[in-house]
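Numbers restart at 1 for each chain; the letters A, B, ... are given by sequence-line order, proteins then strands.
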Amino acid sequence: MIILEKQTEKKNLYQRISQDEFSVNKIKTSSMLSLNQFMEAEKRIKSKNLKVGIFLNSDQSLDCLKDKLELFSIIQINFKSFKDGRPFTMAKELRKLHLYNGEVRASGHILPDQFVFLLRCGFDNVEIDGKEKKEWIELYNMDEGLYYQP
Amino acid sequence: MYKYSEKDKKIIAGRVKQFRNQVQRRLNGKISEEEFKPLRLMNGLYLQLHAYMLRVAIPYGELSSRQLRKLAEIADKYDRGYGHFTTRQNIQFNWPKLPDVPDILEELSKVEMHAIQTSGNCIRNISADHLAGLTNDEVEDPRPWCEIIRKWSTFHPEFSFLPRKFKIAITGCENDRAAILVHDIGLKLIKKGSRIGFQVFVGGGQGRTPYIAKKINDFLLKKDLLNYLEAILTTYNQLGRRDNIYKARIKILVNQLGVEKFKELVDESFKKLSDKKLELNETTIQKIFKFFELPNIKHCNEKISISSNQKFNNWIKQNTIPHKILGNSIVLISLKSENRPPGDANSMQMYKLANIADKFSFGEIRVTHEQNLVLPHVKNSEIYEVWNELDKLELATPNIDLITDTICCPGMDYCALATARSIPISQQISNFFKDYGDQKKMGNIKIKISGCINACGHHHVGNIGILGLDRNGKEFYQITLGGSSKQDASIGQIVGPSFSSENLIIAIKKILQTYQKNKSSDKDDFMTVFRRIGIEEFKKNLYDNTGKTN
Ligand code: SF4
């Protein structure tokens, strides 16, 4: 998998931790935690002044995290299906309502045709299969930046 | 009429290019049908029973003669020589081939047309009163508002993957000809003191579980329109169900939460997320309104003269309405002749109608949500000529709002989801009641027919609704009575066990007998009588001797 930000491939600085390997003490700034893992580790993250990544699925709500966003350097929202449009609203609310200015990443079942929509709603980048990179960039370049919405 | 700006043109051209790329990827097998589906749907392309179907948007029902000619040309070149006008003021082509579709879209873009968001789980074509801007009973013309919403909703980055499709309709007057109460959002322009704003209704809809929309805002300021719509869509996109497509429309959400709670969430989102940049200022609004000014229509005292031709007189009585500019008329063209499926027009009719519009109606044509067409501005002095031309094209059936002016979905003849045919039923009705005098005696009455529970033929809101069912491989038809999509909207009630197609006409005849018998004056139309006597009276007469459902 690669990280694509507009046309540029970026290094992935975060690792997800499987449940078997998970232990609160091993958490570092480069950890990408699931919601459950985060809840277990919340105390330590706060006491150690860490900033971590959080990984949410498109059917998980941001509501329980909205007062803790400063603990995250990245929020990754994973589409269960490209048809599930909730993350578009989640990203908008992160940016416009909660004024979150960390990184927001989309992953999971997403299509290159959704790239510009994702970016416009507040996502910074996408995690995709390296084989699809060309297609994603092609569709990104097809966009002429003409929109009806602000 | 609205004219594309340079920006509009570029956006539409960009979309054609993008769709060409998507079709190419599909044809090369780079994307699966499952992945292609939402992309093609966003461009109005369905997979039907026998072939693809392309649904082209006619925003708020307005067509120029040039556009109509292009539709005729497409029907000839890429289809089988006809098109089908739908209940949402669109046109459908039933036989395009996938590799041709990008070319069709490119040709459409040359006359400022497209198929964007005519299907898929996004905000669909905005529909409006087909008499917008033409009558005196209007608070304000709804079309500029449709255009403002059309722009905002086109390729909306956040609302292109909603739980389900989303339909908005607008009326500019109390007399609702746009069926706003059976839309996901219905907007009604109203006057409060000297100010004009919107009443906002949400959660209306048909399908398996029909609902009448509920009011959530009594007076929305014009400047706030887009921010408020955005708040409704934000709430729906987050909370609408995605686990069951039959429960995914906003009507289900509104009903599960209760309208009060839903309103509270919308108000909260509106308060917190309103974006200054989405606020509409007077200059922007006025700029759009300019496009919709009336053409240069002459005011005069000329009345329509009575002719010795009874056919013409009937047509005048039934199919014309006075225009707000004295000396002119609005002509309604029925697409419900005896021999054609409701809403169908062939390419020859389209070409000739475009010529008639050029000669007599400032090149303008409109499409109604009742699947008819309109010539909006015809001089009374030229109306006989117009009738004559229309009559030659079999477009002068005098039946607007009468029993043979049925609304009907494509049903089993085209649609993969159908459980029964619907077009032959409407043709049976047209044949049976073809005499104008007989129809006139029955007064205004709306029959609406759907070929399955999805209710594209709006049977729930037909005064008489007919729903086609499949019972052990045989077609049966359930009748509902008392539905209406007007300002007094109501959902029809099921009359009882369903009827075979042979018995259906007998049943309708009996229903009409009950109506006739219970009229207290000539002015009583079907709905007045139904509301007075209730469904039981109809049932009694219906099942006594038709024999139950055989
Ligand atoms: S009501 Fe059913 S049969 Fe008719 S068009 Fe809709 S889905 Fe098809």
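Of the two parts of E135(A), only the side chain, counted from C-beta on, holds a non-hydrogen atom closer than 4.5 Å to a non-hydrogen atom of chain B. Contact annotation for L139(A): only side-chain heavy atoms (C-beta onward) come within less than 4.5 Å of a heavy atom of chain B. Residue contact with chain B, scored on non-hydrogen atoms closer than 4.5 Å, involves the backbone and the side chain of L146(A) alike. Proximity to chain A (any heavy atom under 4.5 Å) is restricted, for N21(B), to the side chain, taken from C-beta onward. Contacts of S160(B) with chain A are made by side-chain atoms alone, with heavy-atom separations under 4.5 Å and no backbone atom involved. Proximity to chain A (any heavy atom under 4.5 Å) is shown, for E34(B), by both the backbone and the side chain.
Among residues at least two apart or in separate chains, there is no salt bridge (charged side-chain N to carboxylate O under 4.0 Å, His left out) pair with a member in residues 137-150 of chain A.
Partners of D20(A) under the side-chain contact (heavy atoms from CB on, under 4.5 Å) rule, at least two apart in sequence or in another chain, are S18(A). With sequence neighbours left out, the side-chain contact (heavy atoms from CB on, under 4.5 Å) criterion links K223(B) to L221(B), E279(B).
Heavy atoms only, all atoms of each residue included: H114(B) and R150(B) are closest at NE2-NH1, 3.9 Å.
Both the sub-6.0 Å distance and the 45° axial angle are satisfied by R120(A) relative to the ring of Y147(A). Geometrically, R208(B) engages Y246(B) in a cation-pi contact, judged by NZ or CZ lying under 6.0 Å from the ring centre and within 45° of the ring axis.
Looking at R249(B) and K165(B), their side chains come closer than 4.5 Å, going by heavy atoms from C-beta outward.
The candidate from Q22(B), E158(B), K272(B) with the greatest count of non-hydrogen atom pairs under 4.5 Å with chain A is E158(B). Ranked by heavy-atom pairs shorter than 4.5 Å toward chain A, the options K10(B), K277(B), E35(B) are led by E35(B). For chain A, the option among L278(B), L273(B), L162(B) with the highest count of heavy-atom pairs below 4.5 Å is L273(B).
One N or O on the side chain of Q117(B) and one on the backbone of S153(B) form a donor-acceptor pair closer than 3.5 Å. When atom types are taken as modelled, the side chain of D124(A) and the backbone of V104(A) share a donor-acceptor pair closer than 3.5 angstrom.
Among the residues in residues 55-62 of chain A, none has a non-hydrogen atom closer than 4.5 angstrom to a non-hydrogen atom of chain B.
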When you look at D275(B) and L226(B), which way does the side-chain contact (heavy atoms from CB on, under 4.5 Å) test go after all the steps? CA-CA 9 Å; D275(B) 186 340; L226(B) 296 182; over 6 Å; no
